[in-house]
Amino acid sequence: MNKELEDDFTEALMVSLQDERVIEQIKEIVEVGSFSQVGEPKELLREKEKEIAKLQQEIESKKEEISEYQIMIHHLNEKMESYFNELQKRRADYREAEELYEAVQQLSETTKNSLKGIFKGGSVQEFIVCGVQYENISSLWDFIKNEIMEGREQERGILRALFQYFFQEYSKTYDTPLYKLQEVKMNEVFREDLYIRALNSKISGNITDILLPGYKSINGKTIKKSVVRI
C-alpha cells in the first residue's frame with residue numbers, strides 16, 4: 001500500500017517538475033536565495049566600512065585635541081616656571097629686607113631715632129613700604145651724607161646697604177628706571193662738580209674710597225653727588 005502511494009507521489013512530482021510555471025517559481029526561489037546570501041554580507045561590509053571611517057575620523061580629532069592640550073601644557077609649564085622663578089626672587093628680596101630690618105634694630109638709639117621720620121611702623125612690611133618711596137630714599141641719602149660729613153662713620157656700612165637696597169627696589173617699580181647710581185672709579189681724579197670730598201681728605205688728588213654713591217636722573221642730571229675720600 002505504502003509502496004503504491006510513494007510511486008504515485010513520485011510520478012506526480014515528476015510531472016509537476018516538467019510544468020514551466022513550477023520551473024519558473026523554482027528559479028525565482030533560487031535567485032532570491034542567492035541574492036540574499038550574497039547581498040547581506042556586502043551590506044554588512046559597507047556598514048562596517050562606514051563605522052571604521054567614522055572611528056578613524058574620531059581618532060584624528062582626538063589626536064588634534066591631544067596636540068592642542070600638549071601645547072597648552074607646554075605654555076602652562078613655561079608660565080609656572082616663570083612664576084616660580086619670580087616667587088624665588090621675591091623671597092630672596094624679602095629675606096634681604098628682613099636682614100636689613102634686623103640690622104637696623106641693632107643701630108644706636110640715636111641713629112634709630114633719627115630714622116623714625118623715614119621708617120615708620122614696627123614690622124618688616126611697613127619697613128619695606130616706607131623704604132621704597134622716593135622721598136624717603138632721598139631723605140635717607142641726606143642723613144647718611146650728613147653722618148659721614150660729621151665724622152660718624154661707625155654705622156655707615158648698614159646705612160649704605162639700606163640706601164642701595166631701597167634705591168634698587170624703587171628702580172624696579174618702573175620699566176625704565178628714573179634714576180641710576182653715579183659711576184665712580186677708584187683712583188679717578190677728584191672733581192668738585194661731580195663729587196663731594198669727605199672729612200680727612202686731601203684738597204685734590206685721586207679717589208681712594210667711595211663712602212656713599214650718588215645718583216643721577218636718566219637724562220644725565222646729577223641729583224646727589226657721590227661722597228668720596230681722596
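Here the structure is a predicted model, which is why all the values come from computation and not from measurement.
Here the side chain of N187 pairs no donor or acceptor atom with the backbone of N206 at under 3.5 angstrom. Of the possible donor and acceptor atoms, none in the side chain of E188 sits under 3.5 Å from a partner among the backbone N and O of V184. Without hydrogens or angle criteria, Q182 side chain to S226 main chain gives a donor-acceptor distance under 3.5 Å. Under the 3.5 Å distance criterion, the side-chain polar atoms of R229 are left unmatched by any main-chain donor or acceptor of I210. Under the 3.5 Å distance criterion, the side-chain polar atoms of S139 are matched with a main-chain donor or acceptor of E135. With hydrogens and angles ignored, the 3.5 Å screen pairs no side-chain donor or acceptor of R197 with any backbone N or O of V228.
Within 6.0 Å of CD in E96 there are more than 12 heavy atoms belonging to other residues, nucleotides or ligands. Within 6.0 Å of atom CG in D193, more than 12 heavy atoms from other residues, nucleotides or ligands are found, so the atom counts as buried in its surroundings. Enclosure of atom NZ in K120 by more than 12 non-hydrogen atoms of other residues, nucleotides or ligands within 6.0 angstrom is indicated. Heavy-atom contacts from other residues, nucleotides or ligands closer than 6.0 Å to NZ of K172 number more than 12. In E81, the CD atom is not crowded: 12 or fewer heavy atoms of neighbouring residues, nucleotides or ligands sit closer than 6.0 Å.
By the criterion of side-chain heavy atoms lying less than 4.5 angstrom apart, applied directly or through intervening Ile, Leu, Val, Met, Phe, Trp or Tyr residues, Y174 is grouped together with F167 in one hydrophobic cluster. With hydrophobic clusters built from ILVMFWY side chains whose heavy atoms lie under 4.5 angstrom apart, V129 does not share a cluster with I118. Note on V227: it does not cluster hydrophobically with V189, by side-chain heavy-atom contacts below 4.5 Å among ILVMFWY residues. With hydrophobic clusters built from ILVMFWY side chains whose heavy atoms lie under 4.5 angstrom apart, I158 shares a cluster with F119.
Closest of all the heavy-atom pairs between S217 and I223 is N-CG1, 3.7 Å. Closest non-hydrogen pair, M186 versus T208, comes out as CE-O, 2.7 Å. For the residue pair L211 and R156, the shortest heavy atom distance occurs at O-NH1, 3.2 Å.
Atom NZ of K63 and atom CD of E58 lie 13.5 Å apart (nearest 0.5 Å). The distance from atom CD1 of I73 to atom CD1 of I66, rounded to the nearest 0.5 Å, is 10.0 Å. Taken to the nearest 0.5 Å, the CD atom of Q164 stands 8.0 Å off from the CG atom of L212. To the nearest 0.5 angstrom, L178 atom CG is 8.0 Å from I218 atom CD1. Remark: I148 CD1 to I196 CD1 distance equals 9.5 Å, nearest 0.5 Å. Residue K79 holds its NZ atom at 8.5 Å from NE2 of H75, rounded to the nearest 0.5 Å.
Y101 has its ring centre no less than 6.0 Å from the ring centre of Y94.
Note on residues 101-118: pairs passing salt bridge (charged side-chain N to carboxylate O under 4.0 Å, His left out), not counting sequence neighbours, are E109-K112. Residue pairs meeting the salt bridge (charged side-chain N to carboxylate O under 4.0 Å, His left out) criterion with at least one member in residues 210-225, sequence neighbours excluded: D142-K224.
The side-chain heavy atoms of L115 and L140, taken from C-beta on, include a pair separated by under 4.5 Å. The closest side-chain heavy-atom distance from S108 to Q154 is not below 4.5 Å. At least one side-chain heavy atom of E49 sits less than 4.5 Å from a side-chain heavy atom of L45.
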Legend entry - Step-by-step side chain to side chain contact (heavy atoms under 4.5 Å, CB included) determination, I137 to W141: CA-CA 6 Å; I137 294 171; W141 190 94; 5.8 Å; no

Inset, instruction - Evaluate the criterion side chain to side chain contact (heavy atoms under 4.5 Å, CB included) for residue pair K180 and S171; output intermediate values, then yes/no. - result: CA-CA 8 Å; K180 60 181 179 179; S171 296; over 6 Å; no

Inset, instruction - Decide yes or no on salt bridge (Lys or Arg N to Asp or Glu O under 4.0 Å) for E43 and R46, but give the supporting numbers first. - result: CA-CA 5 Å; E43 184 65 27; R46 282 195 291 270; 2.6 Å; yes

Inset, instruction - Check the pair H74, Q70 against side chain to side chain donor-acceptor pair (under 3.5 Å), reporting the backbone distance first and the verdict last. - result: CA-CA 6 Å; H74 177 71; Q70 287 175 334; over 6 Å; no

Inset, instruction - Mind running side chain to side chain contact (heavy atoms under 4.5 Å, CB included) on I207 and Y195 for me, showing each step along the way? - result: CA-CA 10 Å; I207 295 172; Y195 313 121; 3.7 Å; yes

Inset, instruction - Would you please test F143 and F163 for side chain to side chain contact (heavy atoms under 4.5 Å, CB included) and show each step? - result: CA-CA 10 Å; F143 172 75; F163 162 73; over 6 Å; no

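Ring planes of Y215 and Y179: perpendicular class, angle over 60° (limits at 30 and 60°). Between Y170 and Y134, the angle of the ring planes lies from 30° to 60°, which puts this pair in the tilted group.
A side-chain N or O of E126 and one of S123 form a donor-acceptor pair less than 3.5 Å apart. Side chain to side chain, T111 and S114 fail the donor-acceptor criterion of an N or O pair below 3.5 Å.
Scored by the salt bridge (charged side-chain N to carboxylate O under 4.0 Å, His left out) test, R152 finds E147, E150 as partners (sequence neighbours excluded).
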